[in-house]
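What follows is a set of notes on a single structure, which appears directly below.
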There are 2 protein chains.
Amino acid sequence: MNEMTPKNPFKKSFFDLKELVDSIHENLLCPVTIEDTNHRLHAYSSHEDDTDAARIGTIISQRVPEKVINRLWKEGIIPKLMQSDAALRIPHIEDIGLRDRVAIAIRKNNEILGYIWVVEGPRKLMNEQLDLLKDAASAATPLMAKLYQNRKRKEENYQDFFWQLLTGQYKSLKEIHDKFYDLNLRMPDSFTVLTFRFQQDITRKMEEQLSYLITTSQKIINHFLVVMDEELILIASPHPSQPADEAFDDFISFFISEMANRFSILDVEGAYGTSYGDIDKAETSYQEASKVLEMKKRFPEELENVFHFRRLGVFRYMDVLHKDQRAKRYEHPAIAKLETYDRLHNSNLLKTLEVFIQQDSNMNDAAKKLFVHTNTLHYRIKRISEIGSIRLSDVNEKLGIYLDLKARKFDEK
Amino acid sequence: MNEMTPKNPFKKSFFDLKELVDSIHENLLCPVTIEDTNHRLHAYSSHEDDTDAARIGTIISQRVPEKVINRLWKEGIIPKLMQSDAALRIPHIEDIGLRDRVAIAIRKNNEILGYIWVVEGPRKLMNEQLDLLKDAASAATPLMAKLYQNRKRKEENYQDFFWQLLTGQYKSLKEIHDKFYDLNLRMPDSFTVLTFRFQQDITRKMEEQLSYLITTSQKIINHFLVVMDEELILIASPHPSQPADEAFDDFISFFISEMANRFSILDVEGAYGTSYGDIDKAETSYQEASKVLEMKKRFPEELENVFHFRRLGVFRYMDVLHKDQRAKRYEHPAIAKLETYDRLHNSNLLKTLEVFIQQDSNMNDAAKKLFVHTNTLHYRIKRISEIGSIRLSDVNEKLGIYLDLKARKFDEK
DNA sequence: GACTCTTTTGTGAAATCTCACAAAAGACTA
DNA sequence: TAGTCTTTTGTGAGATTTCACAAAAGAGTC
């Protein structure tokens with residue numbers, strides 16, 4: 001074998017990724033695939049039978065299986081790939097059918113455009129061959145970039161359209177239909193607006209990561225995505241594999257925890273509006289999702305596990321109630337009396353009442369929540385109705401006070 | 001006609017109000033009256049027949065009829081007149097026999113001394129003529145001032161004062177105290193506004209009967225009383241012999257049943273606002289009482305036994321909730337689904353849900369109310385939460401639906 | 001009419017809740 | 001420090017609620 005570094009077989013221009021992949025295969029004699037940043041398959045070498053389960057799965061579904069992606073993240077392989085210029089060896093991971101591999105990121109300046117994966121046979125690749133992959137990656141760069149450019153141009157059009165949908169610019173459903181047709185988009189049968197709020201502006205880099213998460217989650221099908229300062233908005237449908245009712249709850253939990261785990265981006269809040277059939281309700285769904293976020297900010301404990309507008313319950317009305325309360329400068333006399341009593345006797349009657357009602361007037365549950373004996377609570381409730389002269393047995397009166405209590409907290413802090 | 005502003009025909013001294021009134025009549029060719037602040041008639045132009053019922057009533061009784069005064073207050077006309085330097089047009093109010101008019105306050109510095117009223121004929125007055133009235137008012141000032149000097153300050157008729165209290169005309173408590181002193185009235189330590197609504201206008205005769213009932217009831221001490229069309233309004237305190245908390249409830253029940261028993265006057269509704277210490281809260285208390293009446297009309301079953309504002313509970317907010325619901329055109333999906341289900345299967349799930357929540361989620365009570373077996377209700381509730389995909393175990397969600405259900409009924413019928 | 005699916009009613013045992021009574025602990029006052 | 005009032009905790013019996021299971025009745029379809 002020649003001691004010199006072999007001359008670069010990739011220093012020519014390739015017509016497309018397929019041609020490049022075949023060329024890599026010829027040089028390394030191993031199965032090769034090229035994926036984009038979202039692990040979508042764009043080209044793979046054929047004419048070989050020495051391959052593994054993960055690769056077959058990828059080729060069949062045009063995409064790297066979720067299980068494999070998760071594992072690669074968990075093992076820290078993807079982050080390492082993203083940071084390295086050179087090709088890396090990835091030891092086999094038996095239980096997901098991944099044999100020994102070599103991979104390298106395709107990059108343009110600092111931006112990752114995709115990955116080249118090579119399945120190693122029994123004869124391992126030599127270092128010179130790994131170096132060759134670097135050249136292959138360089139050769140892939142313009143091809144991948146072209147791919148992204150096309151996508152980006154389309155995206156810009158989408159973004160405008162998307163905003164117009166969300167802000168109710170379109171007056172008729174027909175108009176929206178036409179626009180969908182123009183942009184060559186499939187109109188979803190039903191859709192939901194999801195929104196996420198971050199603690200900081202969303203950078204270009206974060207945007208990549210989150211769009212990566214969305215496409216790989218396999219929980220929802222995303223139709224539109226837009227980033228606006230510190231807010232991320234999606235129009236999506238549940239993924240067919242998911243139970244529709246929970247798909248979005250699941251996705252939001254998934255998204256928030258993965259943003260934290262994978263990217264250390266904390267304090268993300270998410271919510272979604274009602275699902276509608278006709279896309280002209282996009283504005284409504286968006287406003288609903290925004291309202292959930294707004295209320296979650298004001299009532300973090302109460303709405304900790306609420307993401308869907310439908311589950312807002314009374315909090316759906318908290319803003320108007322609070323506004324009315326302010327306008328009328330009304331304070332429920334019972335609340336005023338209890339507050340005074342609490343201050344004078346260093347007691348906790350107001351909080352007790354709130355917890356009691358919130359626990360559906362169940363003495364035992366409420367007592368547990370308050371860390372007191374059931375009879376203590378019993379006694380307190382008796383005192384509360386005496387001091388505030390309220391009849392807790394009257395549902396309407398009880399709930400009225402509950403609303404007042406909550407509305408007071410609307411702009412606490 | 002001369003294009004120049006006509007010279008001031010009132011820039012001379014008049015011997016008395018009669019002379020002034022005639023001069024105004026000559027200049028405007030419309031019927032004119034001059035009243036003092038208590039709407040007592042002091043002068044009126046004669047020699048014309050083009051006049052209306054209100055004016056005739058005024059001339060005959062030497063005073064503007066009570067009904068007309070009350071209406072002018074309620075419509076905000078008197079307050080506007082009191083604040084304006086210029087003459088104001090008052091559009092006709094058919095049902096009290098008031099034709100189109102123009103009026104202007106007679107004032108000395110900032111004190112109101114009375115009013116000039118002009119009945120407009122078919123030919124409306126022109127702006128120059130309205131300006132003329134300003135001069136006429138100035139001419140009236142010394143004449144009215146003389147009148148007041150001669151007259152004792154104490155007024156036997158408190159009606160105006162009462163209206164001013166109820167419509168919040170007084171800006172400071174001090175002002176009200178002074179007025180009480182002027183009128184030689186004892187200021188109540190604490191008070192409450194009660195209001196009753198009749199099915200028909202309250203006649204002079206009924207007025208006697210009800211004022212008789214009030215004084216003989218021995219349940220409340222009445223400070224003020226006013227009758228306004230079909231409404232009776234009181235400012236009162238509990239009678240010392242009565243337990244304060246129940247005095248008003250008792251009185252209202254008593255009053256309603258006695259009106260029916262003794263005088264066969266049926267369908268009277270009564271309500272009262274919060275008790276306040278400072279009389280400047282009279283307006284608030286009155287508005288509270290009115291709100292109770294309004295809500296009782298809309299939710300007769302729910303509020304059958306509610307008279308006090310404090311006991312309105314959630315219904316205190318029903319108007320804003322309903323308004324919000326309409327504005328957002330939002331219907332809770334669970335309600336929509338249940339309604340459809342009811343229609344398709346001839347069932348009663350919506351009503352069941354409402355009763356269930358209203359019975360404080362007590363299966364037994366609710367089953368009794370619905371005349372079904374406990375287990376039937378148990379089954380239905382299970383179905384309801386399935387069909388509407390609601391978690392009745394979540395208080396906030398449950399309560400939210402309850403509010404929606406009630407708000408829907410806001411303007412049923 | 002047979003069949004299926006939904007709804008209502010019945011039964012009873014286990015779990016849970018309510019409430020009266022009493023003792024103990026704290027708080028405040030004289 | 002005793003005395004009073006308020007608040008908390010403990011105990012336990014009786015009432016109430018919950019829930020699984022099953023039978024019966026109704027509704028709708030073929």
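Predicted, not measured: the structure shown is a model, and the values here were computed from it. Order of the sequence lines sets the chain letters (A, B, ...), proteins ahead of strands, with each chain counted from 1.
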_Whether the side chain of B:Ser253 engages the backbone of B:Asp249 through a donor-acceptor N/O pair (distance < 3.5 Å, no angle test) should be reported._
yes
*Any Lys/Arg nitrogen of A:Asp342 or A:Lys351 sitting under 4.0 Å from an Asp/Glu carboxylate oxygen of the other?*
no
Could you state the [atom1]-[atom2] distance from [X] to [N], rounded to the nearest angstrom?
X: A:Leu349; N: D:dT6; atom1: CG; atom2: C1'; result: 12 Å
X: B:Ile387; N: C:dT7; atom1: CD1; atom2: C1'; result: 11 Å
X: A:Asp342; N: D:dT6; atom1: CG; atom2: C1'; result: 14 Å
X: B:Leu392; N: D:dT18; atom1: CG; atom2: C1'; result: 15 Å
X: A:Asn364; N: C:dT18; atom1: CG; atom2: C1'; result: 9 Å
X: A:Asp360; N: D:dT17; atom1: CG; atom2: P; result: 14 Å

*B:Met363 side chain: which of C:dT7, D:dT6, D:dT18 is closest?*
D:dT18
*Within a reach of under 6.0 Å around NZ of B:Lys281, are more than 12 heavy atoms found that belong to other residues, nucleotides or ligands?*
no
*Answer yes or no: does a side-chain N or O of B:Tyr341 lie under 4.0 Å from OP1 or OP2 of C:dT7?*
yes
*For D:dT7, take OP1 and OP2 only and decide whether either is under 4.0 Å from a side-chain N or O of A:Arg383.*
yes
*Where along residues 365-382 of chain B does a heavy atom come under 4.0 Å from DNA chain C, residue by residue in number order?*
B:Val372, B:His373, B:Asn375, B:Thr376, B:Tyr379, B:Arg380
*Indicate, with yes or no, if the rings of A:Phe255 and A:Phe196 have centres closer together than 6.0 Å.*
yes
*Do the non-hydrogen side-chain atoms of A:Ile384 and A:Ile381 ever get within less than 4.5 Å of each other?*
yes
*Taking all non-hydrogen atoms of both residues, which atom of A:Gly270 and which atom of A:Phe307 are closest, and how far apart?*
O-CD2, 3.3 Å
*Quick one: label B:Asn346 by what it contacts on the DNA or RNA (base, sugar-phosphate, nothing), any heavy atom closer than 4.0 Å.*
nothing
